[in-house]
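Worksheet: one structure, shown below.
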Amino acid sequence: MLKFKKTSYIPVQGKDPQVPEGLWIKCDGCGELLYKEDVKQNHYICYKCGKYFRITTRKRLRMVTDKGSYEKWDEGLTNENPLDYPDYPEKITALKERLGIDEAVTCGKCTIHGEEAVVCVCDGRFLMGSMGYVVGEKITRAVERATELKLPVIIFTCSGGARMQEGMVSLMQMAKTSAALKRHSNAGLLYVSVLTDPTTGGVTASFAMLGDIILAEPGALVGFAGPRVIEQTIRQKLPEGFQRAEFLLEHGLIDGIVEREDLKETLARLIVMHRKVDSKEALIPNRRKERVQEAVKRRDQVTAWERVQRARDQGRPSALDYIQEIFTDFMELHGDRHFSDDGAVVGGIAYFDGCPVTVIGQQKGRTTKENITRNFGMPSPEGYRKALRLMEQAEKFHRPVICFVDTPGAFCGMEAEERGQGEAIARNLFDMSDLTVPVLSIVIGEGGSGGALALAVGNEVWMMENATYTILSPEGFASILWKDSSKAPMAAEQMRVTAAELKELGIIERIIREPEPANTQNAGKIASYMAEEIRRFLHKYLSLEGETLAQLRYERFRKM
């Protein structure tokens with residue numbers, strides 16, 4: 001299974017090293033002399049410290065495109081020197097001759113493992129990869145042509161920002177490229193941005209950060225204002241690793257970090273996963289898995305409080321457990337694009353019977369360390385915003401959405417309030433109600449209050465037999481109404497929190513049976529049954545028009 005990899009590489013600050021001629025090169029990360037051929041075989045990565053060398057346009061294209069497939073577009077465009085900047089045209093001409101490239105970006109069409117795409121590569125050797133008129137025009141034309149040809153766009157960014165020698169003309173390229181990408185997006189086409197070292201300034205504030213999927217190479221410097229500008233302008237001391245790819249991933253600004261050796265495979269998979277599929281033919285009924293036949297023995301009546309305890313059991317399968325069992329090629333995507341990546345919510349793209357789907361789940365941990373990372377399954381605002389971002393992306397690419405609900409409730413700390421917890425949940429309810437793709441929500445453990453509902457505005461909502469769905473915890477109910485939290489078992493009976501009771505009330509549509517309480521040993525059997533029901537759900541809803549799906553979802557909640 002494809003995984004994004006992280007590195008712990010932190011670049012060494014200091015002067016540019018002296019690089020000897022010939023067979024050896026010096027790493028500016030660790031200072032070691034390296035055999036050039038070994039570095040080349042290692043994808044231009046230091047085999048001592050993991051430092052990524054910056055690479056040329058030709059090397060980049062060789063790494064990610066099929067041999068002989070790249071067709072360059074729009075070569076020969078010229079700058080007009082709008083500021084009459086001294087010696088600017090001569091410098092451009094000299095760089096073209098010395099570097100053998102047309103400008104700071106090369107654009108064209110190619111195949112990646114046989115998949116057609118428009119690929120643009122920025123090159124930092126050409127005036128620091130700065131964006132002037134020609135760079136903006138070439139990218140805009142490439143995106144417009146990709147829109148006409150209905151092709152995905154992949155841009156490898158590397159830039160110091162706007163080109164000072166062109167003044168406001170350079171600044172206008174930010175708006176121009178962004179507008180072209182908006183039209184490409186409106187056409188339902190995929191844009192992948194790959195951030196390389198460095199990506200700063202006006203490029204970061206335009207096309208670099210507008211990808212449907214944003215990837216980065218390990219250790220890449222990415223920011224609006226570079227570290228030197230920040231330190232010299234406001235005298236602020238920056239923390240180690242500030243603005244590096246790992247920092248961006250932690251702060252929810254990118255989807256993942258991909259090693260160079262995995263990049264071509266990753267891009268090809270993303271293109272395939274976003275290929276348009278006829279919704280009526282997305283699933284083939286004959287491809288069903290064999291349903292596991294089990295004789296379910298008659299059991300003693302289980303109390304509501306016992307169901308609550310089972311729903312909370314740390315041994316129950318988590319969202320990720322079911323995702324791995326039911327779907328294939330799951331690729332996790334990260335971050336809300338604003339503040340952070342919330343570990344309490346996982347989400348990404350996967351296949352179900354060959355049909356691309358968006359999968360989102362609230363994730364608890366089993367060990368103390370995991371629970372700290374996952375915040376005990378209690379999402380923060382950025383978790384709900386990440387989920388909504390992925391759902392809106394699913395709508396753009398006509399993918400069904402499958403949500404796994406398992407939370408004691410939304411996180412209620414001071415920092416969550418400061419970042420707008422209520423607004424984040426409300427926004428999910430608001431926007432999920434009108435999604436034009438099928439939405440299925442399955443409560444697999446605890447379904448606590450609005451924190452659960454924020455992922456449960458579905459065309460159908462299912463519950464596992466030992467799951468619970470509650471207005472608040474039984475302890476909280478007892479404390480508020482009876483001033484005695486010890487009466488939680490009585491409150492559980494009063495609240496009607498079980499799957500059977502909620503199905504009777506019309507709150508849910510289906511119960512996923514558990515022949516015995518769910519655990520990691522029987523997760524595969526339960527997942528097999530769940531997959532069959534998901535298959536039926538998709539066959540029912542994928543054939544419907546988007547407006548019909550939204551209307552049915554509205555009517556479902558309207559009658560409650």
Side-chain angles (χ1 to χ4, degrees), residues 294 296-319 322 361-362 364 377-378 402-410 425 429 432 439-482 484-519 522 526 529-530 532-534 536-537 552-553 555-560:
E294 294 192 62
V296 182
K297 298 180 180 179
R298 186 178 298 277
R299 289 158 287 165
D300 294 332
Q301 183 67 35
V302 180
T303 67
W305 182 242
E306 286 173 328
R307 302 277 190 202
V308 171
Q309 299 305 305
R310 290 181 181 183
R312 294 173 175 175
D313 192 326
Q314 284 195 330
R316 285 182 73 82
S318 68
Y322 287 118
Q362 290 162 325
K364 296 178 179 177
M378 295 183 291
I402 314 292
C403 296
F404 293 94
V405 177
D406 187 13
T407 179
I425 293 172
L429 306 184
M432 284 185 74
V439 180
L440 170 64
S441 299
I442 308 173
V443 184
I444 60 172
E446 291 184 277
S449 193
L453 181 61
L455 288 186
V457 184
N459 290 95
E460 290 189 14
V461 178
W462 304 348
M463 284 179 68
M464 294 188 65
E465 188 176 2
N466 288 312
T468 57
Y469 199 5
T470 64
I471 188 172
L472 79 170
S473 70
E475 293 89 342
F477 187 97
S479 295
I480 292 172
L481 293 183
W482 304 327
D484 185 357
S485 62
S486 68
K487 294 182 178 180
M490 186 189 309
E493 297 289 345
Q494 179 70 45
M495 293 167 69
R496 304 188 72 181
V497 302
T498 69
E501 291 168 322
L502 292 170
K503 189 171 188 298
E504 185 181 337
L505 287 172
I507 303 296
I508 67 169
E509 278 76 21
R510 188 175 297 278
I511 298 172
I512 305 296
R513 298 295 177 188
E514 300 177 41
E516 57 186 75
N519 55 54
N522 61 26
I526 295 171
Y529 171 69
M530 196 183 291
E532 184 172 336
E533 297 305 313
I534 291 173
R536 290 175 178 169
F537 171 87
L552 288 173
R553 199 177 307 117
E555 291 172 359
R556 178 184 185 276
F557 287 90
R558 180 66 180 84
K559 67 185 180 183
M560 290 186 182

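All heavy atoms count here, side chains included; hydrogens, waters and symmetry mates do not. Remember, it's a predicted structure, so these values are computed and weren't measured experimentally.
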(message) How close do E460 and W462 get, counting heavy atoms only, and between which atoms?
(response) OE1-NE1, 2.9 Å
(request) Find out whether Y529 and E533 are in side-chain contact, i.e. whether some heavy atom of one side chain is under 4.5 Å from a heavy atom of the other. (result) yes
(message) Can you tell me how far apart CZ (F477) and CE (M490) are? Round to the nearest 0.5 Å.
(response) 11.0 Å
(request) Could you check if a side-chain atom of N466 sits within less than 4.5 angstrom of a side-chain atom of R316, using non-hydrogen atoms only? (result) yes
(message) Please give me the minimum heavy-atom distance between S485 and A478, naming the atom from each residue.
(response) CA-CB, 4.0 Å
(message) For a side chain to side chain contact (heavy atoms under 4.5 Å, CB included) check, start with the C-alpha distance between K364 and D406, then their side-chain angles and the critical distance, and finish with the verdict.
(response) CA-CA 8 Å; K364 296 178 179 177; D406 187 13; 3.2 Å; yes
(message) If we ignore hydrogens and angles and just use 3.5 Å, is the side chain of R307 paired with the main-chain N or O of A492 as donor and acceptor?
(response) no
(request) Classify the ring geometry between Y322 and F404 as parallel (under 30°), tilted (30 to 60°) or perpendicular (over 60°). (result) parallel
(request) Report the C-alpha distance between F537 and R510 in whole Å, list the side-chain angles of each, state the deciding distance to 0.1 Å, and finish with yes or no for side chain to side chain contact (heavy atoms under 4.5 Å, CB included). (result) CA-CA 11 Å; F537 171 87; R510 188 175 297 278; over 6 Å; no
(message) side chain to side chain contact (heavy atoms under 4.5 Å, CB included) for M530 and I534? Distances and angles first, verdict last.
(response) CA-CA 6 Å; M530 196 183 291; I534 291 173; 4.2 Å; yes
(request) Indicate yes or no: at least one non-hydrogen side-chain atom of M378 is less than 4.5 angstrom from one of Q362. (result) no
(request) Kindly give the heavy-atom pair with the smallest separation between V461 and I507, and that separation in Å. (result) CB-O, 4.4 Å
(request) Give a yes or no on this: more than 12 heavy atoms of other residues, nucleotides or ligands lie within 6.0 Å of atom CD1 of I471. (result) no
(request) Can you measure from OG (S479) to CG (D484) and round to the nearest 0.5 angstrom? (result) 7.5 Å
(message) Test: salt bridge (charged side-chain N to carboxylate O under 4.0 Å, His left out). Region: residues 485-498. Which pairs qualify, not counting sequence neighbours?
(response) R496-E504
(request) Would you mind reporting whether P489 and T303 have side-chain heavy atoms less than 4.5 Å apart? (result) no
(message) Taking the side chain as everything from C-beta on, heavy atoms only, tell me whether I480 gets closer than 4.5 Å to L472.
(response) yes
(request) Take I526 and I512, measure what side chain to side chain contact (heavy atoms under 4.5 Å, CB included) needs, and give me the verdict at the end. (result) CA-CA 8 Å; I526 295 171; I512 305 296; 4.1 Å; yes
(request) Flag the pair V302 / R310 as yes when at least one side-chain heavy-atom distance between them is below 4.5 Å, and no otherwise. (result) yes
(request) Check whether any side-chain heavy atom of N459 lies under 4.5 Å from a side-chain heavy atom of R556, and answer yes or no. (result) no
(message) Keeping T407 on the side-chain end and A452 on the backbone end, is there a donor-acceptor pair under 3.5 Å?
(response) no
(message) Closer than 3.5 angstrom, by distance alone: can the side chain of T468 be matched with the main-chain N or O of E446 as a donor-acceptor pair?
(response) no
(request) Could you tell me which non-hydrogen atom of G445 sits nearest to which non-hydrogen atom of A311, and how far apart they are? (result) O-CB, 3.6 Å
(message) Any carboxylate oxygen within less than 4.0 angstrom of a Lys/Arg side-chain nitrogen, looking at E509 and R536?
(response) no
(request) Check whether any side-chain heavy atom of R312 lies under 4.5 Å from a side-chain heavy atom of P408, and answer yes or no. (result) no
(request) Please name the pair of heavy atoms, one in V497 and one in M463, separated by the smallest distance, quoted to 0.1 Å. (result) O-CE, 4.0 Å
(message) So which atom in R553 and which in V457 form the shortest heavy-atom distance, rounded to 0.1 Å?
(response) CD-O, 3.2 Å
